[in-house]
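Side chains are part of it too, since the values below use all heavy atoms of this structure and drop only hydrogens, waters and symmetry mates.
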Amino acid sequence: MSAPAPTVRTRFAPSPTGSMHIGGMRTALFNWLHARHHREHGAGGTFVLRVDDTDRARNLDEALGPILDAFRWLGLDWDEGPEVGGPHGPYFQSERTEIYATALDKLLAAGLAYKDFDSRERVAADRDAAQKAGTPYVTVRRSLELSDTERERLEADGTPFVVRFLVPRGETVAIDDAVRDRVEWDTSLLPDPVIARQDGSVLYNFATTVDDAAMAITDVIRAEEHLSNTPVQVLLARALGHEPPRYAHIPFVTAPGTTKKLSKRDIGKYRNNPVFKKMFERADEIFPQIGLDVTDAVSPVMVAYYESIGYRPAAVINALGRLGWSLDDKTEIFSLGDLVRDFTLDRVVKNPAGLDPDKLFNFQSHWMNETPRDEKVSLCGAFLEKAKIAFDADFLGRLIDAMGDRLKLAADILDVAYFFADEIEYDPKAFKKRVAKAGVPEHLRAFTDERLASLADADWTPARLEAELTSFSEAAEKSPGLLIHALRVATTGAAVGPGVYDCLDLVGREKSLARVDAALANAADA
RNA sequence: GGCCCCUUCGUCUAGUCAGGUCCAGGACAUCGGAUUUUCAGUCCGAGAACAGGGGUUCGAAUCCCCUAGGGGUCACCA
């Protein structure tokens with residue numbers, strides 16, 4: 001008889017920094033997916049959100065809010081954590097100082113950690129010397145050589161000290177990583193990590209280990225840059241009397257077109273990244289219209305960018321899910337539900353994956369097309385409202401229908417905002433090329449007078465308009481393109497947009513005819 | 001520099017654990033064609049990769065060894 005499949009508990013522990021990094025979101029997604037997969041297709045799974053706020057953020061709401069918003073936007077809920085609580089709280093590290101202090105005392109009392117009185121400078125000098133000599137640096141442990149009386153005197157004098165974990169030398173620590181298989185380290189090469197500062201506050205490696213054990217985390221899924229922290233955490237967990245969790249070190253996300261970790265530090269550089277450039281430029285066009293500043297917090301490195309510019313959460317989920325993971329040799333489209341069903345750690349790849357804005361955009365096309373009409377209307381409507389453009393919902397619906405697949409981002413609706421304006425402005429270049437061109441005004445005049453003017457309101461439909469235009473062009477032995485272009489520019493002012501017959505329909509018979517007259521008068525003046 | 005990780009088309013990846021069906025499959029991007037002419041979309045097509053070298057084997061992208069390259073990490077940050 002095999003043991004029952006264990007239930008799974010995963011966690012994600014963001015620092016409240018005021019914005020959610022897209023790479024961090026990918027790590028969070030994998031944790032969430034692993035837990036949900038086991039809940040629905042295994043013995044159970046729980047996803048925990050824990051807040052790493054040891055830095056004591058000045059304003060927690062401001063710093064944590066956007067992060068929780070990103071989770072909510074993508075539809076990733078958490079079973080335990082902020083707002084929802086849970087049996088393993090508190091879920092803010094700033095509220096767990098007692099727990100850390102107790103664990104620290106336990107290690108100290110057992111002789112598994114020690115007070116180190118060496119100054120920062122002295123330790124740095126040791127490290128430099130080792131570096132220079134090309135030998136591995138390990139802690140010199142001078143404080144362990146101290147006699148009891150010496151130590152007592154130092155403490156009585158109030159000499160500052162840090163607490164270091166005493167790494168057992170001469171051992172091999174190994175993990176069976178879910179994505180990297182077996183990884184081993186020689187503990188003789190590991191420095192004794194500081195686990196508590198002079199002020200008594202504990203450090204990341206220690207807090208995480210204590211919390212993961214206290215919260216019964218079974219699977220630690222994190223980016224591979226944490227791989228080198230792992231031996232210390234394994235040793236620490238054992239010293240504390242716990243069995244270490246299973247680890248899965250997933251590849252980190254690289255900046256588009258590079259092999260370097262996508263980092264919020266480099267946002268400035270990314271503006272010039274040829275692959276990222278388009279995304280920045282689109283933001284430059286859109287954000288000013290909706291009263292948003294293009295800041296680091298809404299750059300393409302952050303989840304907020306995608307929401308702000310009108311991506312579908314499903315598109316972002318799909319792209320993130322495929323970053324370092326695949327099901328097989330052909331499936332590309334995954335809903336969140338599909339991912340919950342199909343996601344397993346053993347299909348995570350080992351090598352870093354670059355975020356590809358083009359591919360993300362392609363997923364967006366797909367998921368925008370899957371979006372019901374009503375939802376598109378409300379999404380686009382929200383953009384129009386932010387841009388302070390008055391609109392009629394029915395008309396917006398018709399416009400969205402006419403745009404069809406052309407509507408990729410919800411913000412694209414702003415590109416055709418001229419449909420909501422009473423007055424149009426001609427794109428001067430397009431006007432010259434399409435309307436004020438030899439032979440065109442006469443042709444357009446004739447078509448309008450002979451075919452359009454006499455059309456009844458009820459016959460002013462895309463199908464009828466197309467039939468008229470086609471047959472007129474045929475009779476005149478001219479390319480339909482001439483009228484198509486001329487009419488579009490004359491009635492909307494723009495060179496691009498929905499199909500021209502839809503444009504005429506949207507603008508309406510009366511207004512279209514008036515605009516053709518105005519355009520022709522304009523062309524005559526030119 | 002020490003330790004650790006990684007290496008298939010430009011990119012994301014399938015195939016590697018169980019060597020032959022892989023002169024390497026899919027997707028995005030690119031280019032070309034069609035839809036007899038906006039833009040877009042759709043359809044069709046093209047080019048494009050096993051880092052290098054040695055082994056093992058009848059046979060290697062797949063196993064072994066070496067080399068090279070890339071990356072991560074070496075804080076009283078997380």
Trainee: B/rC5, B/rG72, B/rA14: which one has an atom nearest the side-chain heavy atoms of A/Val349?
Mentor: B/rA14
Trainee: What contact category does A/Val275 fall into here, base, sugar-phosphate, or nothing, at under 4.0 angstrom with non-hydrogen atoms?
Mentor: nothing
Trainee: With the criterion set at under 5.5 Å between ring centres and under 30 degrees between planes, would B/rG72 be stacked on A/His249?
Mentor: no
Trainee: Please tell me which of the listed nucleotides, B/rU37, B/rC6, B/rC77, lies nearest to the side chain of A/Arg197?
Mentor: B/rC77
Trainee: Between B/rC6 and B/rU13, how many Å separate the two P atoms, rounded to a whole number?
Mentor: 14 Å
Trainee: Using distance only, find each side-chain donor-acceptor pair of residues 479-503 of chain A under 3.5 Å and give its atom names and separation, not counting sequence neighbours.
Mentor:
residue: A/Ser479; atom: OG; partner: A/Gly481; partner atom: N; Å: 3.0
residue: A/His485; atom: ND1; partner: A/Arg434; partner atom: NH1; Å: 3.4
residue: A/His485; atom: ND1; partner: A/Gly481; partner atom: O; Å: 2.8
residue: A/His485; atom: NE2; partner: A/Arg434; partner atom: NH2; Å: 3.3
residue: A/Arg488; atom: NH1; partner: A/Pro498; partner atom: O; Å: 3.0
residue: A/Arg488; atom: NH2; partner: A/Pro498; partner atom: O; Å: 2.9
residue: A/Thr491; atom: OG1; partner: A/Leu487; partner atom: O; Å: 2.7
residue: A/Thr492; atom: OG1; partner: A/Arg488; partner atom: O; Å: 2.7
residue: A/Thr492; atom: OG1; partner: A/Ala494; partner atom: N; Å: 3.1

Trainee: Do NZ/NE/NH1/NH2 and the carboxylate oxygens of A/Lys264 and A/Asp296 come within less than 4.0 Å?
Mentor: no
Trainee: Please confirm whether any donor atom in the side chain of A/Arg180 sits under 3.5 Å from an acceptor in the base of B/rC5, or the reverse.
Mentor: no
Trainee: Look at A/Glu281 together with A/Lys278 and state whether they make a salt bridge at an N to O cut-off of under 4.0 Å.
Mentor: no
Trainee: Once you round it to whole Å, what is the distance between P of B/rA29 and CZ of A/Phe276?
Mentor: 17 Å
Trainee: Quickly work out the A/Asp401 CG to B/rG41 C1' distance and round it to whole Å.
Mentor: 16 Å
Trainee: Tell me what A/Gly257 touches on the nucleic acid: a base, only sugar-phosphate, or nothing, going by heavy atoms under 4.0 Å.
Mentor: nothing
Trainee: Assess whether one donor atom and one acceptor atom, taken from the side chain of A/Gln198 and the base of B/rC76, lie less than 3.5 Å apart.
Mentor: yes
Trainee: Does the distance from a Lys or Arg side-chain N to an Asp or Glu carboxylate O, for A/Arg142 and A/Asp126, drop under 4.0 Å?
Mentor: yes
Trainee: Need the pair for B/rA14. Rule: Watson-Crick or G-U wobble, both distances under 3.5 Å, any strand; none if unpaired.
Mentor: none
